[in-house]
Protein chains: 2
Amino acid sequence: MIESHKLNLGQNHILDSLSVAEYQRLSPHLELVVLPLGEIIYEPGDELRYAYFPTTCIVSMLYVMESGAPAEIAMVGNDGIIGVSLFMGGGTMPNRAVVRSVGYAYRLRAQLLLQEFNRAGGVRNGTLHDMLLRYTQGLITQIAQTSVCNRHHFLDQQLCRWLLLSLDLLPSNELIITQELIANMLGVRREGITEAIGKLQKAKLIECRRGLITVLDRPGLEERACECYQVVKTEFERLHLASRYAPSASYIPIHSGGLLRNESLSSRQARMKQG
Amino acid sequence: MIESHKLNLGQNHILDSLSVAEYQRLSPHLELVVLPLGEIIYEPGDELRYAYFPTTCIVSMLYVMESGAPAEIAMVGNDGIIGVSLFMGGGTMPNRAVVRSVGYAYRLRAQLLLQEFNRAGGVRNGTLHDMLLRYTQGLITQIAQTSVCNRHHFLDQQLCRWLLLSLDLLPSNELIITQELIANMLGVRREGITEAIGKLQKAKLIECRRGLITVLDRPGLEERACECYQVVKTEFERLHLASRYAPSASYIPIHSGGLLRNESLSSRQARMKQG
DNA sequence: TGCTTTATGTGCGCTACCGTACCGACTGCG
DNA sequence: CGCAGTCGGTACGGTAGCGCACATAAAGCA
């Protein structure tokens, strides 16, 4: 699970923003790990032993209801960190973090993160302390906007928002995920997603195969999405938190050829379906 | 607007938790102010000149959509602070903060808050820095749970949650608010609220007059509410953030006789209806 | 007092999404 | 290859909440 310390380094936005001194202190302790689809980073109430800085993976923060039905609170990729409760002081969270898209992440022992977080002398600009809090503020906006979107917008608009937010965390224009999982994330029926995807396909915005969605027309998606996507994206840019992959004005589609395709999609996803 | 520095002091949970040293540094700069219904504390993008520590008022964080329709993201009372963006580093937020229930709050110049926040030596336990971050984590849970609730639960359940959360921020069992405003907060039709309130009245859980809701049976409300209320409340208690008014196990109803009734309900509320 | 404003209650057709059921198609595995 | 398991498409009745249009009632004001 643990790979070279050098490979792929510097792909997480928070790590990229560290001062030289901080980076030198932390980098020896950063371990690059692969996070497989369905891996649970923490459960409600779990004390974290590590914080994770995703580079190519995407992790969902899910609330799992008493009924067992999950709902996505927020998604975290190479723009952020998993383990906010560590430095925010709560220690744990009442939700679950689960890997939604295979990929790499750097992990750092909780204690070391805290040590660096609390180090901060007088000046804080550009420090880890500063970046982590700014990221957390961005997270608040993402969560809040999800709430608004849940209430007010049509499912196909929500799907556009969700696709775009996911896409911004990925290096290609392909999303490896089943409709059932999307339904879980958005907290709706699987059939509803089928219908919404059908609409987007008819509009030539996306193209689908089993467990794979290819975005054909990103600007078209943005146009069709509700305001929520832009609100979140603009706020992240303002906070200097935008993902390394997030395109701003112009957009040139990339074809990865599915480099990080999941080996065993089905078996892994079984774990994610329920509590 | 500015009242005695001593009157009513020590009713905000964050201020109450400060160390003696911190309290001594800050208290000379805390101004007790009345926040009237409908007062806008900040608009999206506004740089804050003051942070506010509510004691008896309730402030809503609203997102105002492009259509002009508002939706409540979170509510803040004597358990928290208005002005999270100050210490989180973003400076501004993409939402609006508006007073939903008249009352008092302590205000503190932004610069002084930041100064104290950044002071923190090695030990942080029990400091303002610590409390503010822990509160912010609680806020995240509240926002996230609102999102889940929006998606999954019936309107009358959501109303129960909302009533209970509001009640926990108030010293009596009376809520001074119109159905129209509740509808705005929950992001639904006014008629929907009328219907939901009707159900709760039939169940003898509440009693209503124009612009006034009296809670008759709190345990009944809790039973009828969805899990979301308990999740938020439990998390706030775990983080030592519970409002001074929030009852835990046992509950004895209080009759204030409507001490802080709004003088001109209607005119004020006109401002809140739209963008 | 009577008039105006504002809050609340009610009815009715509409629709986005739900719950359920079922079927075909793709994929991975022996 | 053929089978089993999973994924995706479709259909259909049900319903929570919407949009609209009024009616009623309570509070404020002159």
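We name chains A, B, ... by the order of the sequence lines, and we start the count at 1 in each one.
Between the P atom of C:dT6 and the CD1 atom of B:Ile182 lies a distance of 19 Å, rounded to the nearest Å. Regarding B:Glu180, its CD atom lies at a distance of 11 Å from the P atom of C:dT6, rounded to whole Å. The CD-P distance, from B:Gln201 to C:dT8, rounds to 11 Å in whole Å. For the pair B:Ile177 CD1 and C:dT6 P, the computed distance is 18 Å after rounding to whole Å. In this structure, A:Ile197 atom CD1 and D:dC7 atom C1' are separated by 11 Å, rounded to whole Å. Across the protein-nucleic acid pair, A:Ile176 atom CD1 and D:dT6 atom P stand 20 Å apart, rounded to whole Å. If you take CG of A:Leu200 and P of D:dG9, they are 12 Å apart, rounded to a whole angstrom. In this entry the distance linking CD1 of B:Ile213 with C1' of D:dA26 reads 16 Å, nearest Å.
When the side-chain nitrogen and oxygen atoms of A:Gln179 are compared with OP1 and OP2 of D:dG9, one or more of them lie within a distance under 4.0 Å.
Shown here is B:Glu223, whose CD atom has no more than 12 heavy atoms of other residues, nucleotides or ligands within 6.0 Å.
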Exercise. Using a cut-off of 4.0 Å between protein heavy atoms and nucleotide atoms, how would you tag nucleotides 12-20 of chain C 5' to 3' with B, S and -?
Worked result: ----SSBBB

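Side chain of A:Asn150 to main chain of A:Val148: no donor-acceptor pair is present (N/O by atom type, distance under 3.5 Å, no hydrogens or angles).
By the 4.0 Å N-to-carboxylate-O rule, B:Arg190 lies too far from B:Glu180 to be salt-bridged with it. For the pair B:Lys204 and B:Asp217, the salt-bridge criterion is not met [side-chain N within less than 4.0 Å of a carboxylate O].
The side chain of A:Arg210 approaches D:dT6 more closely than any other nucleotide in the set C:dT8, D:dT10, D:dT6.
Side-chain contact, B:Asn78 with B:Ser243: a donor N or O sits under 3.5 Å from an acceptor N or O.
Smallest separation of non-hydrogen atoms from B:Ala225 and B:Arg161: CB-N, 4.0 Å.
Contacts of A:His153 classified as side chain to side chain contact (heavy atoms under 4.5 Å, CB included), with partners at least two apart in sequence or in another chain: A:Cys149, A:Gln157, A:Gln158, A:Cys226, A:Glu227, A:Cys228, B:Met65.
For B:Arg190 against D:dG19, a side-chain-to-base donor-acceptor contact under 3.5 Å is absent.
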